[in-house]
Amino acid sequence: MEFQYYLLYHPTRRSDHPANVIALANDQGPTRAVIWDRPTARWTCQPDVATAVLFVNQERNNFRGVDRETAESATHHFTTVPLPSEPELTRICQETGEA
């Protein structure tokens, strides 16, 4: 599975640093997306959050598409845990029944 990457910025606080990364599966099936989950301190599959941010409430959210390298380098702004590899992202989605 291949992924597209989006940097998500805080909607009300102005910052050059992203608050999160969304890794969105690039396929024709249901939405599959992995996002850093602060409460659990893990990368988790959260298609509902990705759908709300990227598709439902676009005008209320501040995000931009980036390449994987940029997404990887941006994660240090909100976690010390690196962005998982694409096979790991796929596994995370599969573990939650989303792949």
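Atom set for the values below is all heavy atoms of this structure, side chains included, hydrogens, waters and symmetry mates excluded.
- Between Arg32 and Asp27 there is a side-chain heavy-atom pair separated by less than 4.5 Å.
- Looking at residues two or more places apart in sequence or on another chain, you find no side chain to side chain donor-acceptor pair (under 3.5 Å) involving Thr51.
- Distance CZ/Phe3 to OG/Ser85: 9.5 Å, rounded to 0.5 Å.
- Sorted by first and then second residue, the salt bridge (charged side-chain N to carboxylate O under 4.0 Å, His left out) pairs involving residues 72-86 (not counting sequence neighbours) are Arg68-Glu72.
- Using cut-offs of 30° and 60° for the angle between ring planes, the Trp36 and Phe78 rings count as tilted.
- The two residues Leu89 and Ala23 make their nearest non-hydrogen contact at CD1-CB, 3.8 Å.
- For residues 41-53, no pair satisfies salt bridge (charged side-chain N to carboxylate O under 4.0 Å, His left out), with sequence neighbours left out.
- Residues satisfying the side-chain contact (heavy atoms from CB on, under 4.5 Å) test with Ala33, not counting sequence neighbours, are Ile22, Leu24, Ala50.
- Shown here are the side chain to side chain donor-acceptor pair (under 3.5 Å) partners of Thr70, two or more places apart in sequence or in another chain: Asp67.
- Within the model, atoms OG1 of Thr31 and CZ of Phe55 stand 5.5 Å from one another, a figure rounded to the nearest 0.5 Å.
- Looking at Leu8 and Val53, their side chains come closer than 4.5 Å, going by heavy atoms from C-beta outward.
- The side chain to side chain donor-acceptor pair (under 3.5 Å) check on Thr40 picks up Asp37, with sequence neighbours excluded.
- Ala71 meets the side-chain contact (heavy atoms from CB on, under 4.5 Å) test with Tyr5, Val21, Val66, Leu83; sequence neighbours excluded.
- Applying the side-chain contact (heavy atoms from CB on, under 4.5 Å) test to His17 and every residue at least two apart in sequence or in another chain returns Ser15, His77.
- Thr44 pairs by the side chain to side chain donor-acceptor pair (under 3.5 Å) definition with Gln46, not counting sequence neighbours.
- A distance of 9.0 Å separates CG of Asn20 from OG1 of Thr79, quoted to the nearest 0.5 Å.
- Residue Asn26 holds its CG atom at 4.0 Å from CD of Gln4, rounded to the nearest 0.5 Å.
- Contact check for Val81 versus Trp43: side-chain heavy atoms found under the 4.5 Å cut-off.
- From Arg91, atom CZ reaches atom SG of Cys45 across 11.5 Å, with rounding to the nearest 0.5 Å.
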